[in-house]
Every structure is written in C-alpha cells, then in structure tokens.
Amino acid sequence: MIPEPDILIVGGGLGGVAAALAACRAGRRVVLTEETDWIGGQLTAQAVPPDEHPWVEQFGTTATYRALREGIRAHYRQWYPMRSEALGLADLNPGAGRVSKLCHEPRVALAVLEAMLMPHRASGLLSVLTEHRAVSAASDNDVVTAVTLRDLRSGELRTFCAPYVIDATETGELLALADVEHANGAEAQGEFGEPHAPAEAQPDNQQGITVCFALSHHEGEDHTVDRPEDYAFWRAYRPDFWPGPLLGFEAPDPRSLEPVPRTFVPNPVLDPLAVSADQSADAGDKELWGFRRILARKMHREGAFDSDITLVNWPLNDYWLKPYIGQETEALREARQLSLSVLYWLQTEAPRADGGTGFPGLRIRPDVTGTPDGLAKSAYVRESRRIKAVTTVVEQDVAADVVGAYGRTRYRDAVGVGSYRIDLHPSTGGDSYIDIGSVPFEIPLGALVPRRVRNLLPAGKNIGTTHITNGCYRLHPVEWNVGEVAGALAAHCLAEGLEPQQVQAEDKHVEEFGRVLDRAGVQRHWPEVRGY
C-alpha cells in the first residue's frame, strides 16, 4: 500500500518531475502519477528535443535543469562510441540538431530522469505510478480534498487525499476536474489589451498539436509503410494560409509568413561538429533532416551507426483541424493519421534533390519512441488550460516591440527566468503562425497562485499566462522551472503553516521563499541580455 502523500503530483512531464524532486528534497512524501509508461513528457513521451534560449550554456536555468542537461551528456560520453573530438566537448550536442544546443534521443532523457528520482524512490519518500490518469476530484471550502485516478492497465481506481495537489498534466485537466477557474484558447483583446489577441474570446482557438516520430534512412532498402487510411485527405489538403499542399517542402516562414522552401537530404556529409545551434541567429528550420536530428552518425566512431536519426516535428505534421482540449480522441486520431501520411508521402512522393521522388529507405523507429507503430507515445501539446491566477502574464510584459529589446518586466515575487520568442503555431481558429520577438522574462510567483483554491498549484503550461504569452512560457526549461517552484512552494507552505496566497501577498514571505529557491539554485533574475 502507498501511504497518503503530503503532496500529490498529477502528471509526470518535466514540470511534474521537477516538482517531485523539489518536494522530496524538502523531506516531503510525494506520489507522482503519469498517464503513459514514461516520465518526462515533452522530452520523452512526446519525443521533442528541448527548445531553449541562446544563453542556456551559461545561465538562465535552474541548477537541477542544468544537472539534467549534463546528465544527458554524461550518458552519451559513457555509453556511446563517440569520436574523441566529440567526447572532449563541454557543450556536446549529441544529435547535432539545429533546434537546440542539446538534441538527443528520448530514451536517454528518460534514463537520466529516472536516475535523478531514484534516491527518493529508494528512501521511500517518492512513489511513481505510471499509466494512471485522473478521472475525478472533490473539493470543499476552496480546498481540493481528494483526487481519484484510474490504473489504465487494470482499471482499478485509487483515491488520494493529500494536503497539496499539483497539476502537472499536459492539458491542465485537473483544473477542470476540480472546478478551478481557468481559461481555454484565446482571450478577447478587451480582457488584457494584448495587441495580437482577437476581438472576441475564442476558447476553441488552440495551438495545433503534433504527433512526432523518429526516422533513419537506409539507401537501397524499402521500408514503405501501408498507405494510411486518411492519406487521400491529407494529400489533397491545402490550408488557406499555406503556399501549397500541406504535404510539401514549401511552408510559411513563421516570422515573416513568406513562403520558404525547405530542403530534405537524409544523412548529409557535413561534419556534425561544424553545426551551430543558436535560435537567436538562425531558426535552423529550413533544412529538415538536420533541424531536429537526435543522433548524428558522424559524431561516433566510423561504422557504429549506419544512419542518423532525425525527429519529425515539422510544419508538415502540425495538426490544427480540431482543438485537442475538448475533442481529444478525435483530434488525436486525425493527428496520428497526418503524421503517418507525412511518412508515407516522404517514402513515396516527396521530391528528391536528384530529380526522383520518394525515399523508400526511410525507416520509422519504434525503438526510439517506445511504441509499436513508431509514433510518439503522446501528442506534443503546445497549449494547456491555464489557471486564473493572482498574476496573469500578458503580451505587453514580454513583447520586444512593446518593452524594447533591453526592456524588462520586473516582479517583486520573481521565482525563475525564461526566454523564447512568442511562438504560436497555426491554430484551430484558422490563424497562421504568430511569431513575435520577446525579451528574457521573469516568472512571477503570482502566475502559479490560484485566485481562489488554496491547495492546488499548476506546474507546467497551465500557469497564469494567456494564449499569446503561452507561446514563450511553454518551453522545456520554463516548464521545469515552474514545476520545481510548485514543488518547493507546496513543501514550504507545509513547513511554515502558510498557504500559497499568503506567501505571494506578503513581502516578508516572498523574501523567505526566495531564499529557499536561491539555496536550491533557482535563478530568479536575468543579467543584461538582449531580446530577440
């Protein structure tokens, strides 16, 4: 039997894992649940290499996030047959992808995350329940009193009554189950005055999801999959704001919306050690094979690998026909069909540089994603339900064209930092990309504190942002930072006999909690750096 926890964390993505680590370090008993059989969320089950800011190797993350990154590098150095030139790199980028300074395989991140949690599991402080999903919650007097989860393997129901509950789900589903005030989709411009918000609220206008998958290429072999059921639809589909068919190598540039051709050349001859990943200088998304490459064969001793492995999270397989929140089953089925259609198109019809068509040597990699069909365990969900918080972060707080490239919104209750462009993918409301320059930002504690409910905290994309600002707050290091703070705050409230609203409201409590975060290595303010 699992004893009642001090803190129940529902959702085992990056925010949930970081919350568990922080709470266990504070000596609290924790139950961490996860819907799939892999912890790690977007880094593992969703198979998305980290999207990070250009200063990530020097500053701008928490100490534990840095430990995660260095643990991934150490795993490659110890266990992979790397060239000596690669082994000696302090800033090793195992996949040499252009999207991030640390592109890697999902299973490696999973191994490191499991290792980080292992001491707390061994001590008995942490229990991890994979393949469990929350199905109901009970509340009384603004307190969540119980959460019931279903074991997805056995169907058994388990109910926990924890003093603190943390919602680290990918869609903020606990907010809905517990009737916590929250927002869906796009807010009306009149609510916060955001320049890029629509005139009227659009709760079903949500960023598209993506079902990612991994590919290798083996010239001379034929790995063509069966024609997907919905292939005819996706082969003919041409969005109004697209320069041609969605299944094609021409797509809008997210920043300018001008049509831009993408190239696709499997296993390029370029030495991966010559690849530079800097999103502030070059988005890196015009060469699809190298954009999110997660294993570079030339990074290793000759003959160790016969192909690179690249991760397909491209304009071609973004899905936006139905909102994921509210139509999860239907949207997921169609998004999976889109990704399989992209694969089939690549294998059979995609134009080649040599004038031919199709790359039958492309092989989908179930061994990389840990699934029978090779598609990621979960859809990459960019936008969650968002809690109605004490502080709402709005476009005017972070947009470079509002505050200036060196501008900054300072918070008296800052509990972390992040930086990324306001990056909204095409949405279910028919919007094309909205991609806006932004400045390095602070994370206000008030964005994690509900206006009413006293013992539930968000730990991911469900904090108090808007549809617009979610675009820069939704990335890997920020989700980790938010989760770490949520876990630390719950533990701090239990130790001090306080509630989150009290900690956030009074300067002396903010200062005391700030010292807790400082000791844990949570960076709360930026040096002088320029937005991009």
If you apply the rule side chain to side chain contact (heavy atoms under 4.5 Å, CB included), what do you find for Val99 with Asp51, and how did you get there? CA-CA 7 Å; Val99 72; Asp51 289 293; 3.2 Å; yes
As a quick check of understanding, evaluate salt bridge (Lys or Arg N to Asp or Glu O under 4.0 Å) for Arg255 and Asp253, giving each step before the final call. CA-CA 6 Å; Arg255 301 183 185 185; Asp253 180 279; 5.7 Å; no
For Asp230 and Arg333, run salt bridge (Lys or Arg N to Asp or Glu O under 4.0 Å): C-alpha distance rounded to whole Å, both residues' side-chain angles, the deciding distance at 0.1 Å, then the answer. CA-CA 10 Å; Asp230 293 357; Arg333 192 204 76 81; 2.7 Å; yes
Step by step, work out the salt bridge (Lys or Arg N to Asp or Glu O under 4.0 Å) result for Arg386 and Glu187. CA-CA 11 Å; Arg386 299 178 302 280; Glu187 293 87 352; 2.9 Å; yes
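Listed by first then second residue, pairs satisfying salt bridge (charged side-chain N to carboxylate O under 4.0 Å, His left out) with a partner in residues 311-332 read Arg133-Glu328, Asp318-Arg382, Lys322-Glu334, not counting sequence neighbours. The salt bridge (charged side-chain N to carboxylate O under 4.0 Å, His left out) pairs that include a residue from residues 470-481 are Asp423-Arg474, where partners are two or more places apart or lie in different chains. Listed by first and then second residue, the ring-ring contact (aromatic ring centres under 6.0 Å, His included) pairs involving residues 83-104 amount to none (not counting sequence neighbours). For residues 218-228, the pairs satisfying salt bridge (charged side-chain N to carboxylate O under 4.0 Å, His left out) are Glu219-Arg352, with sequence neighbours left out. Residue pairs meeting the salt bridge (charged side-chain N to carboxylate O under 4.0 Å, His left out) criterion with at least one partner in residues 259-272, sequence neighbours excluded, are Arg83-Asp271, Arg262-Asp285.
Between Tyr420 and Ser438 there is no side-chain heavy-atom pair separated by less than 4.5 Å. Val48 has its side chain within reach of Cys212: a pair of non-hydrogen atoms, C-beta onward, lies under 4.5 Å apart. Counting heavy atoms from C-beta outward, Glu173 and Val10 have side chains that stay 4.5 Å or more apart. Asp373 places a side-chain heavy atom less than 4.5 Å from the side chain of Arg336. Using a 4.5 Å heavy-atom threshold, the side chains of Tyr324 and Leu332 count as touching. In this structure, the side chains of Asp167 and Pro458 stay at 4.5 Å or more apart for every pair of heavy atoms. The shortest side-chain heavy-atom distance between Gln396 and Pro195 falls under the 4.5 Å cut-off. His425 has its side chain out of reach of Thr210: every pair of non-hydrogen atoms, C-beta onward, lies at least 4.5 Å apart.
Contact record, Glu170 with Ser384: O-CB, 3.5 Å, taken as the closest heavy-atom pair. Across all their heavy atoms, Pro252 and Tyr433 have their closest contact at O-CE1, 4.1 Å. Pro323 and Ala331 make their closest contact through O-CB, 4.0 Å (heavy atoms, listed as atom of the first residue, atom of the second, distance). Between Gln347 and Thr224, the closest heavy-atom pair is OE1-CA, 3.3 Å. Asn317 approaches Phe213 most closely through the heavy-atom pair ND2-CE2, 4.2 Å. Nearest heavy atoms, Ala447 versus Val393: CB-CG2, 4.4 Å.
For Arg77 (side chain) and Leu89 (main-chain N/O), a donor-acceptor pair under 3.5 Å exists by modelled atom type. Formation of a donor-acceptor pair under 3.5 Å by the Ser339 side chain with backbone atoms of Val211 is found in this model. Although no hydrogens or angles enter the test, the distance criterion places no donor-acceptor pair under 3.5 Å between the side chain of Glu105 and the main chain of Leu295. Side-chain atoms of Glu200 never come within 3.5 Å of backbone atoms of Gln202 as a donor-acceptor pair (strictly under, hydrogens ignored).
The ring pair (Phe, Tyr, Trp, His ring centres under 6.0 Å) check on Tyr473 picks up Phe441, with sequence neighbours excluded. Residues that satisfy the side chain to side chain contact (heavy atoms under 4.5 Å, CB included) test with Leu129, not counting sequence neighbours, are Ile2, Val31, Thr33, His132, Arg158, Phe160. Under the rule for a side chain to side chain contact (heavy atoms under 4.5 Å, CB included), the partners of Leu110 that lie at least two apart in sequence or sit in another chain are Trp38, Ile39, Thr44, Glu114. Considering only residues two or more places apart in sequence or on other chains, Tyr380 meets the ring pair (Phe, Tyr, Trp, His ring centres under 6.0 Å) condition with none of them. Applying the side chain to side chain contact (heavy atoms under 4.5 Å, CB included) test to Ala304 and every residue at least two apart in sequence or in another chain returns Pro81, His300. Every residue meeting the side chain to side chain contact (heavy atoms under 4.5 Å, CB included) condition with Asp431, not counting sequence neighbours, appears here in chain and number order: Asn205, Ser427.
A donor-acceptor contact under 3.5 angstrom links the side chains of His467 and Glu383, judged on distance only. Between Thr466 and Glu194, the side chains place a donor N or O and an acceptor N or O closer than 3.5 Å (distance only, hydrogens not considered). Side-chain polar atoms of Tyr65 and Glu52 form a donor-acceptor pair below 3.5 angstrom.
Atom CD1 in Ile422 sits 8.0 Å away from atom CG in Asp401 (nearest 0.5 Å). Here CZ of Arg69 is found 10.5 Å from CG of Leu92. Values are rounded to the nearest 0.5 Å. Taken from CD in Gln42 to NZ in Lys461, the straight-line distance is 5.0 Å, to the nearest 0.5 Å. The CD1 atom of Ile309 lies 8.5 Å from the CZ atom of Arg363; values are rounded to the nearest 0.5 Å. Here CZ of Arg385 is found 10.0 Å from CG of Asn462. Values are rounded to the nearest 0.5 Å. Taking CZ of Arg73 as the reference point, atom CG of Leu68 lies at 11.0 Å (rounded to 0.5 Å).
Remark: Arg107 does not engage Asp367 in a salt bridge, criterion side-chain N to carboxylate O under 4.0 Å.
The aromatic rings of His53 and Trp55 are tilted relative to each other, their planes meeting at an angle between 30° and 60°. Classified by interplanar angle (parallel below 30°, tilted 30° to 60°, perpendicular above 60°), the ring pair Tyr80/Phe305 is parallel.
Between Trp345 and Trp314, the distance from one ring center to the other does not fall under 6.0 angstrom.
The number of heavy atoms from other shown groups lying within 6.0 Å of CG (Asp240) does not exceed 12. Within a 6.0 Å sphere centred on CD of Glu85, other residues, nucleotides and ligands contribute more than 12 heavy atoms. Within a 6.0 Å radius of CD in Glu57, more than 12 heavy atoms belonging to other residues, nucleotides or ligands are found. Residue Phe241 places its CZ atom among more than 12 non-hydrogen atoms of other residues, nucleotides or ligands, all under 6.0 Å distant.
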Acceptor/donor pairs from residues 355-362 side chains to any protein atom, 3.5 angstrom cut, sequence neighbours excluded:
none

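A side-chain contact (heavy atoms from CB on, under 4.5 Å) with Leu14 is found for one member of Val482, Leu475, Leu43 and no other, namely Leu43.
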